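Position 1 is the first residue of the sequence, and the numbers go up from there. Given the structure is predicted, the values throughout are model-derived calculations rather than measurements.
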Amino acid sequence: MEKRIYLCLAHMSGREQDFIKEAFDTNWVVPLGPNVNGFEADLEAFVGQNKHVVALSSGTAAVHLALLACGVGPGDEVLVQNFTFCASSNPVTYLGATPVFVDSEAQSWNMDPVLLEEAIRDRIAKTGRKPKAIIPVYLYGMPARIDEIMAVAERYGIPVIEDAAEGFGSRFDGRVCGTFGQYGVLSFNGNKMITTSGGGALICPDVESKRRIMFYATQARESYPYYQHEVIGYNYRMSNICAGIGRGQMTVIDEHIAHHKHLCSLYGKLLAGVGGVALHENPSARYDSNYWLVTLTLDPALRVKGEERAYEAVVQGAVGGAAGVTHAASSAHTDSEPNRNVEAMRMALDAAGIESRPLWKPMHLQPVYRNSPAYVNGVSESLFRRGLCLPAGPCVTDEDAAYIVENIKSCIL
């Protein structure tokens, strides 16, 4: 079987089995235990800022509990970055609230602070109430203009939940992303900077907030000798087995981040002088992306081999994988899709054994959110039409990067 280069696959440190074996040997095969405590302590040491961390079953669960802690409920509105994965916005709807989408600025590709303030003012004018929370995202690991976002949030007294699911280890002005707002969300899915196979965590501001999150994450049980529940809780705590994987992964997190940064730099050198292809890199020295995925854009005027065959066939399954079942597509097209040269490039790379993926489709273009308010400026839609993600994980070698770029160059007419 020919080698296939994937976007980002987990790479084990060798220590994971030791922690897992210890869990089995001591019979801690439950959603609590020494590995959970140890993993949380490792995370707290890594993020710093005197923050406290709760290990959870997923990053989505972390978003959900952060919203709950911010008092979000039915009829409320939450300002969410428009250019992101659905896990940033879906938990808003779990609570009966409405996501209000805010578009990006062109430098970081993340939430536009100016448009954010316009959205806040307009929502207050239209509804008579201010939104209950703000969720900026660190897209593909790139820091947002979080200092400006925080300044806007503080002017209106709105808590910020940083979605750092893709940005674990990224920094802005030297400070770890996820530690600026009231809460910070992390993900340890199988394709993230480190993995627990599946899982996430919530960065909390203090011990009391951590206790409250843990209470809701373990079914909100009252302290009686029998099961007494006075509020709705959730089964969101991370298992001791998964946390054991996480503890092993924390021993190589610095190596993983360094490798992702190295690959982005290498891609930049290999693509230098290639017209019509622009690599997305740190806008200035204030930004320190982990480069979870390396991303680039193709000029719409760039001609790529095979454009005439783009979107001819209906894709079977989901590009990039869906870790489960997807609905069969009824058409090769939707009302908004990447340009033909981007799809032709993706198809050519796929034929060469290279996984690539379009950028996230903006939330305001998703059918499920067609009725949600959105404040857009065209940035995210333009990037979606022009952008592509390249492999950047710990398993991608320098030789792989050279092979990928060689294939990109060979596709350009």
Side-chain angles (χ1 to χ4, degrees), residues 1-14 16 58-59 85-87 138-142 165-170 186-200 242 245-246 248-249 252-253 255-268 270-271 277 279-280 289-298 315-326 338 342-361 387-411:
M1 182 177 178
E2 293 184 5
K3 178 181 179 181
R4 184 162 179 82
I5 305 170
Y6 292 95
L7 277 173
C8 189
L9 284 179
H11 185 267
M12 297 296 104
S13 70
E16 290 83 1
S58 69
F85 180 53
C86 65
Y138 299 113
L139 202 71
Y140 304 114
M142 183 62 68
E166 300 171 10
F168 184 51
S170 296
L186 302 176
S187 172
F188 311 119
N189 195 15
N191 65 356
K192 293 299 190 293
M193 296 301 292
I194 64 167
T195 185
T196 57
S197 74
C242 290
I245 299 173
Q249 290 277 284
V252 292
I253 179 59
E255 295 173 30
H256 285 192
I257 294 170
H259 184 72
H260 282 248
K261 291 179 179 180
H262 163 73
L263 280 176
C264 185
S265 176
L266 181 58
Y267 276 122
L270 295 170
L271 287 166
V277 178
L279 196 68
H280 188 219
S289 176
N290 65 13
Y291 292 114
W292 169 58
L293 292 182
V294 172
T295 54
L296 52 75
T297 54
L298 303 184
V315 171
Q316 301 299 314
V319 174
V325 178
T326 61
V342 173
E343 175 61 5
M345 183 67 77
R346 185 197 68 78
M347 292 168 59
L349 293 176
D350 185 65
I354 301 162
E355 182 187 19
S356 63
R357 188 187 303 174
L359 302 183
W360 297 125
K361 186 170 186 175
L388 199 65
C389 302
L390 299 181
C395 297
V396 180
T397 66
D398 288 13
E399 292 74 21
D400 291 335
Y403 174 71
I404 291 165
V405 172
E406 192 64 33
N407 275 273
I408 290 173
K409 290 179 178 178
S410 71
C411 294

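Using a 4.5 Å heavy-atom threshold, the side chains of Thr195 and Met12 count as touching. Considering only heavy atoms from C-beta on, Ile408 stays 4.5 Å or farther from Leu270 through its side chain. By the 4.5 Å heavy-atom criterion applied to side chains, Leu7 and Arg357 are counted as neighbours. Contact check for Thr295 versus Leu359: side-chain heavy atoms found under the 4.5 Å cut-off. Within the 4.5 Å cutoff, the side chain of Leu298 has heavy atoms near those of the Leu296 side chain. No side-chain heavy atom of Phe168 sits less than 4.5 Å from a side-chain heavy atom of Ile257. With contacts defined as side-chain heavy-atom distances shorter than 4.5 Å, the pair Asn191/Leu293 does not qualify.
From Ser265, atom OG reaches atom NE2 of His260 across 14.5 Å, with rounding to the nearest 0.5 Å. Note that CG of Leu186 is 12.0 Å distant from CD of Glu166, once rounded to the nearest 0.5 Å. To the nearest 0.5 angstrom, Ile194 atom CD1 is 12.0 Å from Asn189 atom CG. To the nearest 0.5 Å, atom NZ of residue Lys192 and atom SG of residue Cys8 are 8.5 Å apart. Going from atom SG of Cys86 over to atom NZ of Lys361 covers 13.0 Å, rounded to the nearest 0.5 Å. Between the CD1 atom of Ile5 and the OH atom of Tyr403 there is a distance of 6.5 Å, given to the nearest 0.5 Å.
The pair Arg4-Asp400 does not count as a salt bridge, with every side-chain nitrogen at least 4.0 angstrom from each carboxylate oxygen. The pair Arg346-Glu343 counts as a salt bridge, with a side-chain nitrogen and a carboxylate oxygen less than 4.0 angstrom apart.
Here the closest non-hydrogen pair linking Pro391 and Tyr267 is O-OH, 2.8 Å. Closest of all the heavy-atom pairs between Val252 and Ser13 is CG1-CB, 3.5 Å. Residue Cys395 comes nearest to Ala10 through the heavy atom pair SG-O, 4.0 Å, listed as atom of the first residue, atom of the second, then distance. The two residues Cys264 and His280 have their closest heavy-atom pair at SG-O, 4.4 Å. Across every non-hydrogen atom of Leu349 and Ser356, the tightest pair is CD1-OG, 3.8 Å.
Relative ring orientation between Trp292 and Tyr140 is described as parallel, the plane-to-plane angle staying below 30° on a 0-90° scale split at 30° and 60°.
Using a distance-only test at 3.5 Å, with no hydrogens or angles considered, no donor-acceptor pair links the side chain of Glu406 to the main chain of Ile404. Listed for the Gln249 side chain is a donor-acceptor partner under 3.5 Å among the backbone atoms of His11. Judged by distance alone, the side chain of His259 and the main-chain N or O of Val396 form a donor-acceptor pair under 3.5 Å. Side chain of Ser170 to main chain of Asn290: a donor-acceptor pair is present (N/O by atom type, distance under 3.5 Å, no hydrogens or angles).
For Ser197, there are no side chain to side chain donor-acceptor pair (under 3.5 Å) partners two or more places apart in sequence or in a different chain.
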Evaluate Met142 against Tyr291 for side-chain contact (heavy atoms from CB on, under 4.5 Å), listing each step before the verdict.
CA-CA 7 Å; Met142 183 62 68; Tyr291 292 114; 4.2 Å; yes
